[in-house]
Every structure is written in C-alpha cells, then in structure tokens.
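Structure first, commentary second.
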Amino acid sequence: MTDTTPKRAIITGITGQDGSYLAELLLDKGYEVHGLIRRSSTFNTDRIDHIYEDAHNPHPHLFLHYSDLTDGSRLVTLLADIRPDEVYNLAAQSHVRVSFDEPEYTGDVTGLGTIRLLEAIRAVGLDTRFYQASSSEMFGATPPPQNEETPFYPRSPYGVAKLYSYWITRNYREAYGIFATNGILFNHESPRRGETFVTRKITRAVARIAAGVQSELFMGNLDAVRDWGYAPEYVEAMWRMLQHDEPTDFVVATNTAYTVKDFLQFSFERAGLDWQKHVRFDERYLRPTEVDALIGDPSKASDLLGWTPKVLTPRLAQIMVDADMRALELSGEHYVDTVQSA
C-alpha cells in the first residue's frame with residue numbers, strides 16, 4: 001500500500017444501526033469501505049442509502065457484497081478478493097428477546113458466524129485487524145459496575161452466543177497472532193435503532209401518541225437498569241480500538257444508570273406527555289431470564305484510547321423523540337377523528 005492508497009475496510013452488518021454510522025465515519029476518514037449484506041427479495045439499505053454511490057461511478061468508495069455469516073466459503077472468497085486492512089464484525093441476530101424464540105439461529109449467526117470469519121482471515125493469510133462486536137449482555141447476572149475483568153454470566157441465548165464470539169476472538173489472537181479486539185459495548189441507541197428495540201419502540205410511540213396516531217404503548221419490565229449511550233460516539237470507539245498499538249479488549253459505556261421507566265419519562269416529557277397515562281403492561285414482553293442491571297466502567301477506553309462519551313440518556317431520549325416526530329411529519333401520517341368524520 002502506498003501513502004496515496006486508501007485503507008480498505010470490511011463491515012459485516014453494514015445496514016444496521018452501528019454499521020451505517022461506522023461506514024459514515026470510515027468514509028469521512030478516506031477509507032474504501034466494503035459492506036456485506038444478506039440477499040433478500042426486498043431492499044434493506046435505508047440506513048446507508050444516503051452514502052451509497054452508483055457502481056458506475058469511476059471512483060466509488062463504498063461497495064456492497066452479498067454474503068452471510070453462515071456461509072464460510074463465501075467469506076473466504078470475499079476476503080481473498082478484497083484483502084481488507086480492517087474487518088469489523090457487527091452482523092448478528094442482535095435482539096435479546098427474539099433470541100429466546102430463535103436460539104439455534106442466534107447461536108449459528110451470532111456465535112459461529114464469528115469463527116467462520118476468523119477462519120476465513122486465517123485461511124487467506126491476511127495481515128488485517130479484526131474488531132468483534134461483543135456485548136454487555138455477556139455480563140448478565142453479574143452485579144455492576146462491570147469492566148474488562150468482571151466475570152461473565154449471560155442470561156439469554158444472545159448473551160451466550162456473544163460470549164462464544166468473545167472467547168474465540170481472544171483465542172485466535174493468542175493462538176495465531178491475529179490483531180483481534182473485542183469491543184464490549186453497553187447499550188447504545190440512536191434514531192436509526194430498529195423499531196422493535198425498547199428505546200426506539202418508546203420514542204416512536206411517543207411521536208405517534210403526540211400526533212394522535214396511537215393512544216397506548218405496551219411494555220414489559222420497567223425496572224431494568226441500563227447504561228445507554230449514543231451510537232455515533234460508540235463507532236468512534238470501535239475505530240480507535242483498531243488504531244491502538246496492541247490488540248486488547250475494551251468496555252465502551254457511559255458509567256451511568258437509568259431504568260426503562262426513566263427512559264419512558266424522559267421521552268414522554270419531551271413531547272409534553274405523561275407516560276403513566278399511556279403505558280400498559282404486557283407480560284409477553286418479559287424475558288424468561290432477566291438481566292437486572294448493566295452499568296459499564298469505560299476507564300480503560302478513556303485511558304488508552306482517549307475516548308469519553310458526551311451524550312447521556314436524558315439527551316439521548318430527546319434526540320430520538322425529536323427524530324421520530326420529524327419522521328412522522330414527513331411521512332404525512334395524521335390522526336383522523338372517526339367520530340367527527342362519521
């Protein structure tokens with residue numbers, strides 16, 4: 001590689017929340033970015049449409065490739081062709097509650113998908129840097145605060161699958177000398193968060209209730225404590241991990257604690273609403289085994305990477321509510337008073 005040749009990165013899960021923000025960050029830094037997407041009969045690229053370039057552009061910087069973490073041979077072929085300087089593994093079945101319904105699929109993609117990717121790197125003989133998206137759900141029942149030395153005790157198929165990926169990443173680092181890093185990210189949200197995740201479910205409902213489109217929001221456990229941060233800041237930490245001199249593992253968090261009830265209150269207050277008038281309990285949203293409290297200590301990331309969070313939960317809720325209100329206005333969806341119009 002010459003000084004004028006851009007760095008080349010692969011992002012699995014590029015169409016997700018984190019993948020889209022990471023792609024933006026790397027493009028801004030002058031990278032050539034290759035995203036892996038699953039083949040589907042419908043397009044699922046909404047989060048990256050604004051940065052995607054026509055393939056006929058003589059100098060494109062973002063390329064999309066069909067691939068799947070369940071297909072190891074395809075991963076070998078792509079890595080051999082692209083020969084990336086950095087690989088960011090963000091793809092997963094990442095919904096904790098859904099992992100109880102689809103435990104085998106979650107294990108295959110979220111767990112075994114990581115070793116397929118690491119084996120592809122090893123088989124091709126790439127000198128690349130590898131980032132594994134690990135999760136605070138690996139800590140599970142272990143009391144907070146949690147840091148890099150805290151024992152793991154996952155409480156869901158998702159957490160167990162992520163724990164396998166964490167350890168296999170460390171194993172390949174120690175066994176084969178691969179520059180492989182785990183980012184143990186605590187909950188991080190944004191307006192791009194999927195609509196079935198609790199924070200986005202709340203802020204989207206707030207916008208719709210404020211507009212008269214719906215009247216109630218059904219929720220499960222409101223007492224769970226989480227450490228919520230802002231996704232664009234967290235992808236910056238991912239990138240910094242692969243620029244560090246030595247591969248190691250980092251907790252990325254805000255070291256603050258809020259309940260789901262707190263997030264409800266912040267979100268409804270942003271729209272001038274009382275959450276207690278609209279929220280109803282539904283036991284179907286409870287997990288078979290709950291994680292009571294996740295609060296991360298990001299001291300290592302602060303000391304070695306110079307990374308510190310700026311957006312905390314109260315401001316995060318406001319950002320997401322504002323974005324969902326704007327999206328609803330742009331959609332043209334509005335309340336129809338069926339009584340008056342009858």
Side-chain angles (χ1 to χ4, degrees), residues 1-2 5-16 18-19 22-23 26 31-40 55 60-94 104-135 138 157-158 160-185 235 238-250:
M1 178 183 296
T2 67
T5 304
K7 275 190 175 181
R8 189 175 297 141
I10 283 180
I11 303 173
T12 72
I14 192 172
T15 58
D18 291 5
L22 179 61
L26 296 182
Y31 279 65
E32 178 182 298
V33 177
H34 295 257
L36 306 191
I37 60 175
R38 287 178 297 168
R39 176 70 178 94
S40 173
H61 297 285
L62 175 61
F63 303 84
L64 300 181
H65 309 267
Y66 288 124
S67 183
D68 196 299
L69 289 184
T70 63
D71 186 351
S73 61
R74 174 61 171 161
L75 295 173
V76 170
T77 301
L78 280 172
L79 287 170
D81 288 344
I82 298 169
R83 306 198 72 82
D85 301 288
E86 298 172 4
V87 176
Y88 296 85
N89 184 29
L90 311 186
Q93 190 303 98
S94 58
E104 184 177 346
Y105 174 74
T106 301
D108 192 16
V109 176
T110 307
L112 293 180
T114 303
I115 197 171
R116 292 187 186 102
L117 194 49
L118 286 165
E119 263 298 282
I121 290 171
R122 192 171 77 89
V124 176
L126 285 179
D127 180 15
T128 189
R129 297 191 171 198
F130 177 80
Y131 171 85
Q132 169 58 27
S134 291
S135 169
M138 301 186 305
Y158 170 77
V160 173
K162 280 292 188 182
L163 187 55
Y164 175 87
S165 288
Y166 168 88
W167 280 115
I168 203 64
T169 297
R170 287 191 59 165
N171 181 252
Y172 271 59
R173 180 170 76 212
E174 296 165 4
Y176 303 115
I178 295 175
F179 191 111
T181 292
N182 283 291
I184 308 174
L185 272 58
V235 300
M238 296 177 191
W239 176 78
R240 291 192 184 198
M241 289 180 209
L242 294 197
Q243 315 315 307
H244 192 55
D245 292 338
E246 299 292 334
T248 185
D249 307 318
F250 294 92

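Since the structure is predicted, the reported quantities are computational estimates derived from the model, not experimental observations.
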Looking at every non-hydrogen atom in both residues, tell me the closest pair between [X] and [Y] and how far apart they are.
X	Y	value
Met138	Tyr166	SD-CB, 3.6 Å
Ser134	Lys162	CA-CD, 4.4 Å
Thr12	Leu69	CG2-CD2, 4.4 Å
Arg173	Asp249	NH1-OD1, 2.9 Å
Ala161	Gly107	CB-CA, 4.1 Å
Gly13	Ala91	N-CB, 3.6 Å

Identify, with sequence neighbours excluded, every residue that meets salt bridge (charged side-chain N to carboxylate O under 4.0 Å, His left out) alongside Arg240. Glu236
With a 4.5 Å heavy-atom cut-off, do [X] and [Y] have their side chains touching?
X	Y	value
Lys7	Leu26	no
Leu62	Ile14	yes
Ile121	Phe179	no
Met238	Leu185	yes
Leu118	Phe130	yes
Asp85	Arg129	no
Leu79	Leu117	yes
Thr110	Ser94	no

Counting only N and O atoms by type, is there a donor-acceptor contact under 3.5 Å from the side chain of Thr128 to the main-chain atoms of Pro84? yes
Within this structure, what is the [atom1]-[atom2] distance for the pair [X] and [Y], rounded to the nearest 0.5 Å?
X	Y	atom1	atom2	result
Thr169	Tyr164	OG1	OH	9.5 Å
Leu78	Tyr66	CG	OH	13.0 Å
Leu90	Ile11	CG	CD1	6.5 Å
Arg8	Arg83	CZ	CZ	9.5 Å
Leu112	Glu104	CG	CD	10.0 Å
His65	Ile82	NE2	CD1	3.5 Å

Can you confirm whether more than 12 heavy atoms, excluding those of Asp127, are under 6.0 Å from its CG atom? no
Please indicate whether Gln243 has more than 12 foreign heavy atoms, meaning atoms of other residues, nucleotides or ligands, lying under 6.0 Å from its CD. yes
Name of the residue among Tyr131, Tyr88, Tyr31 meeting side chain to side chain donor-acceptor pair (under 3.5 Å) with Trp239: Tyr31
Using side chain to side chain donor-acceptor pair (under 3.5 Å) as the criterion, point out the one residue from Asn89, Asn182, Thr181 that pairs with Gln132. Asn89
Parallel, tilted or perpendicular: which fits the ring planes of Phe250 and His244, with parallel below 30° and perpendicular above 60°? perpendicular
Kindly state each residue pair satisfying salt bridge (Lys or Arg N to Asp or Glu O under 4.0 Å) with at least one member in residues 66-80, sequence neighbours excluded. none
Which pairs count as salt bridge (Lys or Arg N to Asp or Glu O under 4.0 Å) when at least one residue sits in residues 108-124, sequence neighbours excluded? Asp108-Arg116, Glu119-Arg122
